[in-house]
Amino acid sequence: MSDLLIRGRVLTFVAEPQGIDDTAAWRYFEDGAVLVRGGKVVDTGDHAVISKLAGADVEVADHRPSLVLPGLIDTHLHFPQTQAIASYGAQLLEWLNTYIFVEEQKFADAAHAGAVADRFFDELLSNGTTTAVAYCSMHPESVDAYFSAAEARGMRMVGGKVMMDRNAPDALRDTPQKGYDETKALIEKWHGRGRAHYAISPRFAITSTPEQMEMSQALVAENPTCYVQTHLSENHDEIAFATSLYPEAKDYTDIYARYGLLNERMLLGHCIHLSDREIGVLAETGSVGVFCPTSNLFLGSGLFDRDRFDKAGARWSVATDVGAGTSFSMLETMDEAYKVLHLRGQKLTPFNSFYRMTLGNARALGLEEHIGSLHAGADADIVVLDSSAKTAMEYRMRTAKSLLEELFILQTMGDDRCVAEVYVAGKAMKGKGAKRAAAASRLLETA
């Protein structure tokens, strides 16, 4: 693979911004460049400096005047719900039973799982997301489809088979032993293969018996480098149901704590209605609360309280949560995050938004060595954003006078149309999704 020099206005973070004037938290190069070799970043800086390092014969991708950033990261979504996004009119538990469990039953068919996986990854890339953490269905076929599609694109992805042995349709229920055996086999097959990371995935306490939670505990103990993912305190009815099933627990969070599932690799979706005690437990264990703003608004679940997490020293990340989330775009997700926190009386600056989508989410995953910034040695996962891609944005950009304003315009008005190019391990990916969609459309027309 030949060297590649990516030129543009380069922005990358080195720390969490403590305010809009905290310029030490990021590096910005008005005429910048990223030198890529063998799928890794060699160096990032001013074009005049990096171009000399690259040499005269280097291939150049000139994206001026667009912004060049690390690829965006999504820490919680559901790949089998790709075609169930925008399902009307229900709160969490009713929504699951009416739409989602029906949709997930289709993933017993490996061909269907493969087709949806292709579309899912095309959607991620078209929105500038180069790494994500996803739930598959309970079928091993869905996990194979997910990681195979990621591997074909060279993407660093986290995912795993959902484990459910109660309060779900028979066709979606495993048993404690079957859930353990299938998860163990999938870990052996995929975890650490290329850029794949496995996530042990008991869906949530409502759909797992104590016996299955014990099996999850065993899997976590046996596989300490795997991630763990589940859901916590999304909806008041969910909390009441979960705690009724585990009456010995102090609260919802204590259910997971009792089974040894809370650790620095645990990703807990939602975490809206937590007590101070529960947030303290997350802080003590290093577990990550995942803020899913579009989903929380769509299902009427509630408003995430970032300041309580920060005050307690608890970790948190941001995610789309497709398909309750209403967009694959992390830009649109951060627009809604801004509004949710505004309703809480809390501020989210544009610099903090872009930090969260990149280095912040990478740190939540413990992957900041590899992704989330453009430091030397990082994976060359890169997104190029055009802040004038839409006519209304172009018109608004005529009055923008700073990088701060531009980032806020991208966050507030941006979507997939602003993604000019995406690189995965240094390989340009833009346009592949459109070609596949067109091919699929032609097949449907002739079917």
Side-chain angles (χ1 to χ4, degrees), residues 1-12 32-44 47 50-51 53-55 57-64 66-74 114 117-134 145-159 190 192-197 328-330 357-358 361-362 365 367-386 416 418-439:
M1 185 183 294
S2 60
D3 291 2
L4 175 66
L5 187 73
I6 300 171
R7 187 175 185 181
R9 294 186 299 122
V10 178
L11 175 65
T12 186
V34 183
L35 179 59
V36 176
R37 178 180 301 146
K40 301 284 187 180
V41 173
V42 176
D43 206 354
T44 298
H47 175 260
I50 303 301
S51 61
L53 178 66
D57 298 329
V58 69
E59 179 186 353
V60 177
D62 192 341
H63 292 291
R64 292 176 295 172
S66 294
L67 283 166
V68 176
L69 300 102
L72 308 183
I73 302 167
D74 187 346
D118 273 338
R119 178 57 67 89
F120 173 80
F121 282 99
D122 289 346
E123 289 293 339
L124 290 182
L125 289 171
S126 71
N127 283 281
T129 298
T130 53
T131 291
V133 184
Y146 174 82
F147 281 122
S148 294
E151 187 173 69
R153 292 159 177 80
M155 296 172 72
R156 186 178 293 279
M157 296 294 293
V158 183
W190 290 110
R193 173 170 154 177
R195 303 182 80 195
H197 303 265
F328 281 88
S329 170
M330 287 300 295
M357 288 186 278
T358 57
N361 274 357
L365 298 176
L367 290 174
E368 63 270 27
E369 244 183 72
H370 304 287
I371 58 174
S373 68
L374 299 176
H375 65 272
D379 298 345
D381 293 346
I382 295 167
V383 63
V384 181
L385 297 178
D386 178 1
D416 59 317
C418 299
V419 179
E421 185 57 276
V422 183
Y423 295 89
V424 172
K427 182 178 179 182
M429 305 296 288
K430 188 71 174 176
K432 291 192 173 186
K435 291 175 184 175
R436 287 194 192 96

### Message
Using modelled atom types and a 3.5 Å cut-off, is there a donor and acceptor pairing between side-chain atoms of His375 and backbone atoms of Val41?
### Response
no
### Query
Listed by chain and number, what are the side-chain contact (heavy atoms from CB on, under 4.5 Å) partners of Glu151, not counting sequence neighbours?
Trp190, Arg193
### Message
If we ignore hydrogens and angles and just use 3.5 Å, is the side chain of Asn361 paired with the main-chain N or O of Ile73 as donor and acceptor?
### Response
yes
### Task
Would you mind checking if Asp43 and Arg37 are paired as a salt bridge, meaning a charged N to carboxylate O distance below 4.0 Å?
no
#### Entry: Sequence-distant partners of His370, ring-ring contact (aromatic ring centres under 6.0 Å, His included), two or more places apart
none
### Message
For Thr12, give me all partners under side-chain contact (heavy atoms from CB on, under 4.5 Å), at least two apart in sequence or on another chain.
### Response
Arg27, Pro70, Ser373, Leu374
### Query
Considering all heavy atoms of both residues, which atom of Ala132 and which atom of Thr129 are nearest to each other, and what is their separation?
CB-CG2, 4.3 Å
### Qualifying residue for side chain to side chain contact (heavy atoms under 4.5 Å, CB included) with Thr44, from Leu35, Val34, Ile50, Val68
Val34
### Task
For His47, enumerate each residue passing the side-chain contact (heavy atoms from CB on, under 4.5 Å) test, keeping only those at least two apart in sequence or located in another chain.
Leu5, Arg7, Asp31, Ala33, Ser51
#### Entry: Minimum heavy-atom distance Ala117-Ala145, with the two atoms named
CB-O, 3.6 Å
### Minimum heavy-atom distance Ala362-Ile371, with the two atoms named
CB-O, 3.3 Å
### Task
Output the distance between atom CZ (Arg195) and atom CE (Met155), rounded to the nearest 0.5 Å.
8.5 Å
### Query
Between Val36 and Ala380, which heavy-atom pair has the shortest distance, and what is it?
CG1-CB, 3.6 Å
### Query
Parallel under 30°, tilted from 30 to 60°, perpendicular over 60°: which one fits the rings of Phe328 and Phe120?
perpendicular
### Message
Using side-chain heavy atoms (C-beta onward) and a distance below 4.5 Å, is His197 in contact with Leu367?
### Response
yes
### Query
Can Leu67 and Val384 be said to form a side-chain contact (heavy atoms from CB on, under 4.5 Å), step by step?
CA-CA 6 Å; Leu67 283 166; Val384 181; over 6 Å; no
### Query
Ser329: what forms a side-chain contact (heavy atoms from CB on, under 4.5 Å) with it, not counting sequence neighbours?
Asn127, Ser327, Leu331, Glu332
### Minimum heavy-atom distance Lys430-Glu421, with the two atoms named
CB-OE1, 2.7 Å
### Message
As a quick check of understanding, evaluate side-chain contact (heavy atoms from CB on, under 4.5 Å) for Leu72 and Thr358, giving each step before the final call.
### Response
CA-CA 5 Å; Leu72 308 183; Thr358 57; 4.0 Å; yes
### Counterpart residues, salt bridge (Lys or Arg N to Asp or Glu O under 4.0 Å), relative to Arg156 (two or more places apart)
Asp379
### Query
Do you know which two heavy atoms are closest between Gly426 and Leu4, and how far apart they sit?
O-CD2, 3.8 Å
### Message
With a 4.5 Å cut-off on side-chain heavy atoms, are Met429 and Thr130 touching?
### Response
no
### Summary
Taken to the nearest 0.5 Å, the spacing of Arg119 CZ from Leu124 CG works out to 12.5 Å
### Query
Parallel, tilted or perpendicular for Tyr423 and His63, by the 30°/60° rule?
perpendicular
#### Entry: Side-chain heavy atoms of Arg153 within contact of Val424, under 4.5 Å
no
